[in-house]
Number of protein chains: 2
Amino acid sequence: MEPVLPLPPGLTDAQFDGACEALRAIVGADRVITGEERLAPYLDPYSPGVADRYAPSGAVLAGSVDEIKGVLDVANRFSLPLWTTSTGRNYAYGGAAPCLNGAMILDLKRMKDIEVDPELAYAMVEPGVTYLDLYKFIQEKKYHLWIDCTDPGWGSVLGNVLEHGIGYTPYGDHAGYQCGMEVVLATGEVLRTGLGAMTDNPAWPLYKYAFGPSLDGVFTQSNFGVVTKIGMWLMPEPEVFVAVEMAFRHEEDIVPLIDTLRPLRLDGTIPTATIANWMRIAAANSTRSEWDDGNGAMPESAIKKLMAKMEIGYWGLRFGLYGRDAVVDEKLEAVEKAFAPLGAEIMAYKVRRDEKVPPEFGSLAGIPSVDMMPLNWLGGTGAHIECPLVVPMQGAAFLDLYRRRTKLFNEAGFDQYCGLTSTTPRCFINTASIIFDRDNPEQCARARELGKALIEDASKHHIAGYRAHISEMDLVAAQFAFNDHAAMRTYERLKDALDPNGILSPGKQGIWPKALRNAKEGDTP
Amino acid sequence: MEPVLPLPPGLTDAQFDGACEALRAIVGADRVITGEERLAPYLDPYSPGVADRYAPSGAVLAGSVDEIKGVLDVANRFSLPLWTTSTGRNYAYGGAAPCLNGAMILDLKRMKDIEVDPELAYAMVEPGVTYLDLYKFIQEKKYHLWIDCTDPGWGSVLGNVLEHGIGYTPYGDHAGYQCGMEVVLATGEVLRTGLGAMTDNPAWPLYKYAFGPSLDGVFTQSNFGVVTKIGMWLMPEPEVFVAVEMAFRHEEDIVPLIDTLRPLRLDGTIPTATIANWMRIAAANSTRSEWDDGNGAMPESAIKKLMAKMEIGYWGLRFGLYGRDAVVDEKLEAVEKAFAPLGAEIMAYKVRRDEKVPPEFGSLAGIPSVDMMPLNWLGGTGAHIECPLVVPMQGAAFLDLYRRRTKLFNEAGFDQYCGLTSTTPRCFINTASIIFDRDNPEQCARARELGKALIEDASKHHIAGYRAHISEMDLVAAQFAFNDHAAMRTYERLKDALDPNGILSPGKQGIWPKALRNAKEGDTP
């Protein structure tokens with residue numbers, strides 16, 4: 001029997017058909033999708049076996065602010081819940097799939113407008129603009145500007161900012177380098193934030209603070225409005241850039257590594273940095289079965305064999321140095337001097353302006369790739385779950401966390417795929433990815449349990465996630481319990497004020513509209 | 001006849017006395033101030049003759065979060081409007097005085113707690129902590145950290161962030177370097193933003209983005225809550241710092257000056273910069289009467305005489321370079337090379353770690369001073385009005401604006417005291433200060449008219465202010481008219497949601513509670 005698509009909660013078949021009919025009048029018949037097959041791309045491709053609980057009832061592709069206003073009008077009239085996506089590439093966090101089973105996808109991938117100011121070094125982009133689009137646009141215009149992008153580069157620039165995403169150049173703090181926002185509120189009102197609230201103000205994408213409160217932040221990781229345009233600051237192409245890589249042999253080396261890195265990040269010598277553990281390095285070119293015949297976590301002897309054979313460290317550190325040639329040379333010298341006592345092997349590769357950047361250093365130079373994260377460590381159809389944390393940049397505390405998590409991974413039969421990225425100088429985003437075979441239901445269940453255990457363990461130690469899979473949004477939100485969940489109560493008050501009918505992305509980041517709040521209580525999947 | 005203090009709008013004498021009685025029970029009898037004399041410090045010291053329209057009914061000095069909760073409870077019960085100040089040093093913008101005549105001052109200067117983490121380089125401060133306090137705290141602990149401060153340093157670190165204030169070191173973008181906030185909402189609920197929404201999370205002051213929307217921005221330049229604590233990032237003391245000054249002879253030199261500065265700001269060579277015109281330089285050591293016998297704007301001949309005699313340029317540029325000795329040397333060389341074609345005289349003064357910073361470069365090193373801005377240009381009791389703008393970092397457009405404003409200043413009988421500070425690389429905060437004698441009613445009236453004219457002229461050219469005197473908040477707010485004032489309508493919706501009884505700082509930044517919205521319409525003084 002063919003699975004039947006869910007209806008939006010509370011709507012009858014006839015009401016849903018009526019809503020779709022009204023939507024077709026706005027965006028065109030072909031841009032309202034209700035057929036099973038054409039909806040498949042909106043399902044979570046990496047779902048740990050829960051995709052059927054997060055299925056859309058349909059999708060509507062709006063192509064302009066006016067069309068969005070029309071769609072919102074219909075949604076308000078029909079009580080149709082919408083789940084907004086830019087390009088839907090939010091993989092590992094649910095892709096384009098909605099928190100609320102039966103919500104309709106509001107897909108903005110048709111909105112692809114790009115403007116770039118080469119003198120003041122910024123771009124204005126709509127939701128459908130991918131990193132690849134923006135990169136290509138700048139290349140074609142021959143502007144001497146870099147973008148900063150995630151890995152891979154097919155996602156939405158705007159969507160990534162809204163999800164608090166990061167990258168690998170000095171502009172890797174994406175929300176930090178965003179400036180100026182256009183939002184369609186649930187009521188259909190178009191709002192421009194900051195200096196954009198004055199018509200034609202040229203400083204809209206240049207300065208974050210205007211007269212009055214700064215609203216950009218409330219439209220990130222929320223469901224308070226539909227963001228239709230953002231300004232992004234772009235980095236001027238540097239005179240030179242040096243890719244630096246270091247390897248550290250032992251697990252415990254992470255302590256001096258982090259403690260040596262911290263002052264160099266704080267004083268601006270190193271503008272961003274990423275650390276990877278052995279598995280993250282190895283999984284790029286290898287699979288588990290090459291090293292061990294078992295099924296669970298790799299035994300220590302196999303990890304040692306892998307490291308020796310692949311000539312990699314337990315930890316790898318990687319970053320770029322950027323700027324004037326002479327300045328970069330001085331910085332590199334300072335880096336080498338600082339890390340020398342740790343006995344690290346240091347590799348440095350200099351690229352001058354107009355020279356070709358080797359593909360392996362592309363992400364350090366903001367060059368988008370289409371290479372996916374390697375997911376075939378355990379074979380089958382690879383997928384990953386992410387429960388990324390924000391951790392202080394202090395070595396000993398991190399080693400404690402890492403060992404605790406390794407234990408949890410191993411007990412669940414997985415190895416820990418660990419990364420640390422410092423886009424700001426006082427902390428890391430710490431990913432501990434669970435790589436699993438999504439065609440193996442038993443593995444899916446284990447991966448899901450492990451995800452939950454990681455979140456709860458972190459919380460017990462007062463460390464928090466900054467992002468979550470749609471199936472874990474309620475759980476992660478619940479960890480922010482200061483003063484009896486005062487933050488969530490505030491979000492809910494803002495939600496009710498800005499989206500009184502609760503039509504926008506119900507459940508996103510654990511924020512539910514009034515009508516669904518009680519219904520959802522205790523219903524964390 | 002002694003002037004009578006205003007009552008809060010809508011309250012009878014008896015009701016106000018009842019409210020004060022209730023407040024005394026919370027903070028102690030001596031901390032509820034209603035006597036004329038003890039309220040004098042809450043009047044606007046630089047008022048252009050309108051102080052009597054912005055007088056408080058009283059002041060209450062809360063010393064803790066619990067006391068603030070108690071005060072808010074009373075305010076809600078008695079419909080008592082409160083005007084929150086940290087230390088009340090918001091001079092030129094109203095000082096501690098309220099937008100709403102008869103509001104009661106909620107004074108937080110007793111809250112002086114400071115914590116500093118020397119390893120992760122941040123401070124947590126309460127509202128009453130001044131720059132001088134924080135500086136002294138760090139000096140006494142011998143931490144190798146710098147603060148960034150305004151001129152002068154007696155103001156509140158927290159208050160300045162909330163007003164979008166700026167400073168003169170690489171950490172001069174105060175709101176940008178703020179991270180983590182504790183807020184008491186009008187309902188008495190205590191909220192911690194970001195990662196602080198998880199109890200005891202050590203990354204609260206380290207990373208701005210948590211799970212869910214980022215709220216810090218909505219509590220700046222608003223009246224949505226009482227901010228009781230913020231995190232501030234601190235700059236590690238650099239190995240060396242070089243103070244650089246340049247003079248440019250002609251008015252039109254501002255075009256190549258700005259256009260040469262821009263790429264050096266964008267590529268990080270220069271981390272911040274301030275430009276001053278002849279009057280801002282001269283007024284530090286001189287008064288108008290030394291150069292001309294007249295009364296209005298200085299004739300060109302007198303300006304020329306002044307520049308020659310004082311050996312100053314029409315424009316002065318000033319900034320610091322910070323970091324490792326060798327890196328700073330390379331950056332200075334790049335700066336000299338870039339500015340050489342402009343024929344600028346360049347002065348560079350290097351200060352090594354542990355050497356004494358000469359007082360004239362103190363602000364570039366975050367050393368707070370108690371020197372006031374020179375205000376005696378026209379003699380009498382000097383005061384100033386500020387109508388600061390945000391302007392793109394582009395030379396020709398700025399020269400147009402400057403000349404238009406000079407004309408407006410001169411027509412009003414004033415000279416333009418002009419400054420440009422770039423705390424972020426794509427724009428300047430442009431102050432055009434009106435210096436006047438507050439004891440001269442005719443000058444006050446002219447200054448007030450000029451202030452209005454500057455705001456309206458800027459708006460006509462799509463340039464906006466980011467701050468305003470209490471008497472001009474409605475006027476500046478009105479300039480943000482995109483989509484029929486969609487931004488203000490959104491602020492009002494948030495105001496009603498977070499402060500349903502409208503007790504917090506009515507009128508701040510033009511945001512009025514529901515009950516006062518219609519009453520105030522058309523009532524801009």
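Just so we're on the same page: letters track the sequence lines, and every chain starts at 1.
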field: B:His164 (side chain) donor-acceptor with A:Ala210 (main chain) under 3.5 angstrom
entry: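 Here the side-chain-to-backbone pair exists.
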- prompt: With no hydrogens and no angle check, is any side-chain donor or acceptor of B:Arg426 less than 3.5 Å from a backbone partner on A:Ala121?
  reply: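 Confirmed, B:Arg426 side chain pairs with A:Ala121 backbone.
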Report which part of [X] has an atom under 4.5 Å of a heavy atom belonging to chain A: side chain, backbone, both, or neither.
{"X": "B:Leu234", "answer": "backbone"}
{"X": "B:Tyr322", "answer": "neither"}
{"X": "B:Thr423", "answer": "side chain"}
{"X": "B:Arg324", "answer": "side chain"}
{"X": "B:Leu498", "answer": "both"}
{"X": "B:Thr424", "answer": "side chain"}
{"X": "B:Tyr209", "answer": "both"}
{"X": "B:Glu119", "answer": "both"}
{"X": "B:Leu266", "answer": "both"}
{"X": "B:Pro238", "answer": "neither"}
{"X": "B:Leu185", "answer": "side chain"}
{"X": "B:Met488", "answer": "neither"}

Can you name the nearest heavy-atom pair linking [X] to [Y], along with the distance?
{"X": "B:Thr199", "Y": "A:Ala481", "result": "OG1-C, 4.4 Å"}
{"X": "B:Val190", "Y": "A:Asn483", "result": "O-ND2, 2.7 Å"}
{"X": "B:Leu494", "Y": "A:Leu215", "result": "CD1-CD2, 3.8 Å"}

message: Let me confirm one number: the CZ-CG distance from A:Arg262 to B:Leu120, rounded to the nearest 0.5 Å.
response: 6.0 Å
- prompt: So B:Phe480 and A:Phe211, would you call those rings parallel, tilted or perpendicular, with 30° and 60° as cut-offs?
  reply: parallel
task: Could you have a look at A:Pro202, A:Pro170, A:Gly196, A:Pro205 and say which one has the most heavy-atom pairs with chain B under 4.5 angstrom?
output: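 Ranked by contacts with chain B, first place is A:Pro202.
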- request: Return the option, out of A:Ala468, A:Ser222, A:Gly212, with the maximum number of heavy-atom pairs under 4.5 Å with chain B.
  value: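 The residue among A:Ala468, A:Ser222, A:Gly212 with the greatest pair count is A:Gly212.
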field: More than 12 heavy atoms of other groups within 6.0 Å of B:Glu333 CD
entry: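 Open: at most 12 neighbouring heavy atoms sit under 6.0 Å from CD of B:Glu333.
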